[in-house]
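One structure is given below, encoded as structure tokens.
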Amino acid sequence: MAFGGAETQRESGFAKLVTTIFESLGVLNKGSAAAAAAPSASETSVVQPISSNALNVTRVGGVGALITAAGVAALAIFNVNKGKDPHSVVVAAYASVGLIVASALIAVAVILAADIRARATIATATATPTAQTPAEVKSVRGSGETKLTLDRAYAYVLVDAGAGPVSLELPDPASCAWQCIRVQRTDDNDNNYVRIDPLPAAYATLKPDRRIRLYSDGKAWTRL
């Protein structure tokens, strides 16, 4: 028998009932109860993932029920009789239960706040990078003998030497440690050169329609 797919559908019973309940509460993904016990790749693609908000609501509900049960158990342990026990004993018992519940609620609030901050930090750290902004791209157009010294490490330097040669000087590698620069020539004029200083002669000249990726180790620029 193949593992996964329709041949491993859940049968009606306690397991499917529990799965349905957990799905309705938001603990399991929507569609989990209807999916096979070992779903195939195509089946898992249509299952809707739960949101963190739904999961937090479920957590709060579960913890709230646990706190309520703890309060009831505490009152049962104290075994207070409001009709017979002294007033001070009754007040002390209820105050103790209130303190237990308040402490539990504070603990839940701290945990949820930490969870929200952690999720926000992860979301920020793993956010999809945006497209290059104009400030990260430097365009250079040759006109006669054009010489330009870059003031910082741009993500892209686009050089058009169609109207004249270009001499491009890289910024001080010490000021751009651990950064990269991609220099791309956008013209096809073989009569004009594009020279990048200070680089070894072997790859200091950029030919038409070619590009080079450079890396600063803090001491010098090297080709990647």
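Numbering of residues begins at 1 and proceeds along the displayed sequence.
The line from CG of Leu224 to CD1 of Ile212 is 9.0 Å long, rounded to the nearest 0.5 Å. Annotation: the span from Leu206 atom CG to Arg195 atom CZ amounts to 12.5 Å, rounded to 0.5 Å. Atom CG in Asp172 sits 8.0 Å away from atom OG in Ser216 (nearest 0.5 Å).
Judged purely by atom type and a 3.5 angstrom limit, Asp197 has no side-chain atom pairing as donor or acceptor with the backbone of Glu169. Judged by distance alone, with hydrogens and angles left aside, the side-chain atoms of Thr186 form a donor-acceptor pair with the main-chain N or O of Val159 at under 3.5 Å. In this structure, the side chain of Arg223 does not engage the main chain of Leu214 through any donor-acceptor pair within 3.5 Å.
No cation-pi contact links Arg213 to Tyr215, judged by a cut-off of 6.0 Å to the six-membered ring centre and 45° from its axis.
Here the closest non-hydrogen pair linking Gly164 and Asn192 is N-ND2, 3.3 Å. Residues Gly218 and Ala177 share a closest heavy-atom pair of CA-CB, 3.8 Å. The two residues Gly144 and Pro165 come nearest to each other via the heavy atoms O-CD, 3.1 Å. Pairing each heavy atom of Ala220 with each of Pro173, the nearest pair is N-CB, 3.7 Å.
Side-chain contact annotation: Asp190 with Tyr193, donor-acceptor N/O pair under 3.5 Å absent.
Sorted by first and then second residue, the pairs that involve residues 154-165 and meet salt bridge (charged side-chain N to carboxylate O under 4.0 Å, His left out), not counting sequence neighbours, are Arg141-Asp160.
Between Arg152 and Ser175, the closest side-chain pair of non-hydrogen atoms is not below 4.5 Å. Counting only heavy atoms from C-beta outward, the side chains of Ile181 and Val157 approach each other to under 4.5 Å. At a threshold of 4.5 Å between non-hydrogen side-chain atoms, the residues Val166 and Leu148 do not count as touching. Lys138 is listed as a side-chain neighbour of Val140, based on a closest heavy-atom distance under 4.5 Å. The side-chain heavy atoms of Tyr154 and Cys180, taken from C-beta on, include no pair separated by under 4.5 Å. Looking at Thr205 and Val194, their side chains never come closer than 4.5 Å, going by heavy atoms from C-beta outward.
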### Task
Would you please test Ser167 and Thr146 for side chain to side chain contact (heavy atoms under 4.5 Å, CB included) and show each step?
CA-CA 6 Å; Ser167 294; Thr146 301; over 6 Å; no

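We find that Asp187 and Arg185 are joined by a salt bridge, their nearest charged nitrogen and carboxylate oxygen being less than 4.0 Å apart.
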